[in-house]
Amino acid sequence: MKRFPAFDPPEYVEWKPDPALVRGFRATIENDPDRAAIVSTLTPDSKLQLYRGLLRARLHDIELKRWVRTGVISKAWLGTGEEATTVGPVHALERGIDILAPMIRNAAACCEMGMPIADMLRAYLATADSPSGGRDLHVGSFKHGVLQPISHVGDMVPIISGIALTFKMKREPRVALTWVGDGSTKAAAAHEGTNFAAVQRVPAIFIVENNQVALGTRLQQHHLPADFKDWPASYGVWGATFDGNNVLDAYAATRIAAERCRKGNGPALLIAETFRMGGHATHDEREARETFPAEVFQSWGKRDPIGLYEEYLKEEGVTAKTLGELELEITGQVERAAAEALASREKMPKGETALDGVYANGR
């Protein structure tokens, strides 16, 4: 895809495929028979839908960064480099049936569940016609099956556990999913919610998004040992690790977990190994670069989830022309959504609407 020197991480601007990493991308799937079987069921169009999702995620974040640079908004929380960890799992769920709760860095889950991108962008502008009526930039739409994230990271775990419990009680073959960062696994709510889900054997999927850093705290400074491989067993639940930069691996691992949940086998704890190619938000990019040595950014930069997936698709017979056409399609989609959202700035909420939707009417 097109690179943007003003907005992309420098490691992405001159990105070129590393042959070893391209081979590794495919080998990750082929070396796991269960995941390979899942991927083999994907139609060519389904694989391109995953590509569209990755593009939407990246271009949505680039649009937000553009707004920051031009003074439209003051800051934004981005998922650059982690797109596959969001897009793959969402596509593995059943739209209109399952429920998910993204963290703010997983905003792409919203559009992949059918929420208009313009509404996602309006949330940052706090307009009257934004999903929350101007209250909060945390994006969600319950009618699309997406809960708005809570600022206190980790707190969505007990909420998703409760939703999954209702699915179990009603004997509905539905799944509830949320992400939790490596840092927020230390929050009491995340532990309590996971333990509750395990004991009650509810159909919930928890994805530990291990992007190696919590705000400015490196993984090794807050977690021992320096991985989460043993965590599922510590809760007594089924679990697996997947490559968070490989959208097919993310899809397959989540699909397997969801099928287990629907059969009544209890929750799943998945660990996504990925990396945040930027700051906690756009205002602390310098701090991010000071937290890790340049070699870490360079190493993960070579594993751009979009670039590697493009190479995979080319090997599958998708032409560069087709990829270019899809990029133009999604670019136009995001640009139109941005223009639509900006036009909404004339519709700022009135003060008296702050109480709307807070209290039930006569109940």
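Of the inter-residue distances, the one linking Ser299 atom OG with Asp18 atom CG reads 9.5 Å to the nearest 0.5 angstrom. Considering OH of Tyr312 and CD1 of Ile29, their distance stands at 7.5 Å, rounded to 0.5 Å. Atom NZ of residue Lys168 and atom OG of residue Ser161 lie 12.0 Å apart, to the nearest 0.5 angstrom. Rounding to the nearest 0.5 angstrom, the gap separating the CG atom in Asp227 from the CD atom in Gln220 is 10.5 Å. Rounded to the nearest 0.5 Å, atoms OG (Ser184) and CG (Leu215) are 10.5 Å apart. For the atom pair CG (Leu248) and NE2 (His91), the distance works out to 11.5 Å, reported to the nearest 0.5 Å.
Across all non-hydrogen atoms, the minimal contact from Ala253 to Arg35 is CB-CZ, 3.9 Å. Closest approach of Glu83 and Ala57 over heavy atoms only: CG-CB, 3.6 Å. Contact detail for Pro89 and Ala84: the closest heavy-atom pair is CD-O, 3.5 Å. The shortest non-hydrogen separation linking Tyr12 to Gly81 is OH-CA, 3.4 Å. Between Asp182 and Thr185 the shortest heavy-atom distance is O-OG1, 2.6 Å. In this structure, Ala257 and Ala268 approach most closely via the heavy-atom pair CB-CB, 3.7 Å.
Residues Thr331 and Met1 have side chains not in contact (no heavy-atom distance under 4.5 Å, counting atoms from C-beta outward). Residues Thr80 and Lys65 form no side-chain contact, since every pair of their non-hydrogen atoms from C-beta on lies 4.5 Å or further apart. A 4.5 Å side-chain heavy-atom check between Ile207 and Phe242 finds at least one atom pair inside the cut-off. Residues Leu308 and Asn246 have side chains not in contact (no heavy-atom distance under 4.5 Å, counting atoms from C-beta outward). By the 4.5 Å heavy-atom criterion applied to side chains, Gln212 and Asn210 are counted as neighbours. Proximity of Pro305 to Val247: side-chain heavy atoms (C-beta onward) are nowhere separated by under 4.5 Å. Taking the side chain as every heavy atom from C-beta outward, Leu121 and Trp67 approach each other to under 4.5 Å. With a 4.5 Å cut-off on side-chain heavy atoms, Lys47 and Val318 do not count as touching.
Atom NE2 of His222 sits in a crowded spot, with more than 12 heavy atoms from other residues, nucleotides or ligands closer than 6.0 Å. The environment of Glu290 atom CD is dense: over 12 non-hydrogen atoms of other residues, nucleotides or ligands sit within 6.0 angstrom. In Lys302, the NZ atom is not crowded: 12 or fewer heavy atoms of neighbouring residues, nucleotides or ligands sit closer than 6.0 Å. For Glu14, the CD atom sits in a loose shell: 12 or fewer heavy atoms of surrounding residues, nucleotides or ligands are nearer than 6.0 Å. Shown here is Lys186, whose NZ atom has more than 12 heavy atoms of other residues, nucleotides or ligands within 6.0 Å.
Grouped by direct or indirect side-chain proximity (heavy atoms under 4.5 Å, Ile/Leu/Val/Met/Phe/Trp/Tyr only), Met169 sits with Leu165, Phe196, Val202. Cluster partners of Phe167 are Ile99, Phe142, Leu147, Ile150, Met156, Val157, Ile159, Ile160, Ile163, Val180, Phe206, Val208, Leu219, Phe228, Trp231, Tyr235, Val237, Leu269, Ile271, counting Ile, Leu, Val, Met, Phe, Trp and Tyr whose side-chain heavy atoms approach within less than 4.5 Å, directly or via other members.
Put simply, the side chain of His60 never gets that close to the backbone of Ile62: no donor and acceptor are under 3.5 Å apart. Looking at Thr86, its side chain never comes within 3.5 Å of a backbone N or O of Ala109 through a donor-acceptor pair. Judged purely by atom type and a 3.5 angstrom limit, Asp61 has no side-chain atom pairing as donor or acceptor with the backbone of Arg58. Looking only at distances, no side-chain donor or acceptor of Arg218 sits under 3.5 Å from a matching main-chain atom of Val213. Here the side chain of Asn195 pairs no donor or acceptor atom with the backbone of Glu192 at under 3.5 angstrom. Between the side chain of Ser130 and the main chain of Ala126, no donor-acceptor pair closer than 3.5 Å is present. Side chain of Arg276 to main chain of Gly79: no donor-acceptor pair is present (N/O by atom type, distance under 3.5 Å, no hydrogens or angles). Judged by distance alone, with hydrogens and angles left aside, the side-chain atoms of Arg69 form a donor-acceptor pair with the main-chain N or O of Ala6 at under 3.5 Å. Thr43 contributes a side-chain N or O that, together with a main-chain N or O of Ser46, makes up a donor-acceptor pair within less than 3.5 Å.
Under the salt bridge (charged side-chain N to carboxylate O under 4.0 Å, His left out) criterion, the residue pairs touching residues 116-126 are Asp119-Arg122, Arg122-Asp129, Arg122-Glu340, with sequence neighbours excluded.
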Could you walk me through whether Leu59 and Phe4 pass side-chain contact (heavy atoms from CB on, under 4.5 Å), step by step? CA-CA 10 Å; Leu59 292 171; Phe4 299 84; 4.2 Å; yes
Just do the side-chain contact (heavy atoms from CB on, under 4.5 Å) check on Leu100 and Trp179 with the steps written out, would you? CA-CA 9 Å; Leu100 58 81; Trp179 294 261; 4.2 Å; yes
Before you tell me yes or no, could you show the steps for Met113 and Met115 under side-chain contact (heavy atoms from CB on, under 4.5 Å), namely the whole-Å CA-CA distance, both residues' side-chain angles and the distance that decides it to 0.1 Å? CA-CA 6 Å; Met113 288 289 279; Met115 184 178 178; 5.9 Å; no
Pair Leu313, Thr322 - check side-chain contact (heavy atoms from CB on, under 4.5 Å), show working. CA-CA 10 Å; Leu313 290 174; Thr322 296; over 6 Å; no
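Test Phe292, Phe275, Trp15 against Trp300 for ring pair (Phe, Tyr, Trp, His ring centres under 6.0 Å) and you get one pass: Phe275. The one candidate from Glu327, Glu63, Glu112, Glu329 that meets the salt bridge (Lys or Arg N to Asp or Glu O under 4.0 Å) condition with Arg56 is Glu112. When Arg174, Arg255, Arg262 are each tested for a salt bridge (Lys or Arg N to Asp or Glu O under 4.0 Å) with Asp98, only one passes: Arg262.
Arg289 forms a cation-pi arrangement with Phe297, by the criterion of a distance under 6.0 Å to the ring centre and an angle within 45° of the ring axis.
Side-chain N/O atoms of Asn245 and Thr274 include a donor and acceptor closer than 3.5 Å.
In this structure, Lys321 pairs ionically with Glu325, as a charged nitrogen and a carboxylate oxygen lie closer than 4.0 Å. Here Asp304 pairs with Arg3 in a salt bridge; the nearest charged N to carboxylate O distance falls below 4.0 Å.
Under the 4.5 Å side-chain contact rule for hydrophobic residues, Ile306 and Ile117 share a cluster.
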